Amino acid sequence: MMGENWIGQLATEIKQKDREAAEDYARAQHYAGVAVERGRDFFFTVVQCLQDDVDALRRELQGDVTSAEMALERVRPDEVRITRARFPWVDARLIRADDAITLDYAKGRGTAGDPQQDRVTRSFAFRVTGDERLRVEEAFTAEARGYETPEEFARAVMEILFSVRDGSDSARANSLNGGGDAANVQAA
């Protein structure tokens, strides 16, 4: 009898003191499941938007001296490759893995450089809000930018890859001037 009382007291103590941690854990597990499940659909829509954007940009540049071969290739269900031959040249991969998206790219002005050098990796994480909406936030940055819709995120990817700004058009420029993506450069 005495053993049962002791066990009962121990169980009561665990229920009282560890309830909040257990509830936080259950909520985090639920949100992780939501991110993985809804992340698939989010990524699928991002890829559709990127295809539309690549096609639209190609059409806009057609006939211009800056026109160049440009493509979006579906490598696997959770990976696409975006390339452009020149003005600017771009070699990029967008990869979804469970609760994250990685944009790995190299780009530069002029004709194609070496896509193995000066690669930049930017990481984005799926976040589930309290009302269970899914969004994407840039990871590992002091000021994480967030994207509420696949369309917003696709536009951001296109701007990262194809925007030609002085001092920010290549990973080398960023790493030399300490700006932009330099903190995210990974050694090849």
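From a predicted model like this one, the values you see are computed outputs, not experimental measurements.
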For [X], which residues count as a salt bridge (Lys or Arg N to Asp or Glu O under 4.0 Å) partner, sequence neighbours excluded?
X	answer
D55	R58
D53	none
E132	R38

[X]: partners by side chain to side chain contact (heavy atoms under 4.5 Å, CB included), with sequence neighbours left out:
X	result
A35	D99, F126, V128, L134
F87	T66, R84, T111
I14	L10, D18

Please list, chain by chain and in numerical order, all residues satisfying side chain to side chain donor-acceptor pair (under 3.5 Å) with [X], sequence neighbours excluded.
X	answer
R135	E137, E148
D41	none
T129	D131
E79	R76, R93

### Query
Do any N or O atoms from the side chain of E152 and from the backbone of T149 form a donor-acceptor pair under 3.5 angstrom?
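Yes; judged by distance alone, with no hydrogens or angles, the pair exists.
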### Message
Please check this pair: side chain of K107 against backbone of I160, looking for a donor-acceptor N/O pair closer than 3.5 Å.
### Response
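Yes; judged by distance alone, with no hydrogens or angles, the pair exists.
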### Task
May I ask you to say whether R155 pairs ionically with E151, meaning some side-chain N is under 4.0 Å from a carboxylate O?
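No.
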### Task
Could you tell me whether D91 and R119 have a side-chain N and a carboxylate O separated by less than 4.0 Å?
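Looking at D91 and R119, the cut-off is met.
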### Message
Tell me every residue that passes ring-ring contact (aromatic ring centres under 6.0 Å, His included) with Y31, counting only those two or more places apart in sequence or in another chain.
### Response
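Y31 satisfies ring-ring contact (aromatic ring centres under 6.0 Å, His included) with no other residue.
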### Message
Under the salt bridge (charged side-chain N to carboxylate O under 4.0 Å, His left out) definition, can you give me all pairs with a residue in residues 19-34, not counting sequence neighbours?
### Response
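Pairs touching residues 19-34 that pass the test: D24-R27.
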#### Entry: F42 versus Y147, closest heavy-atom pair with distance
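F42 and Y147 have their closest heavy atoms at CZ-O, 4.5 Å.
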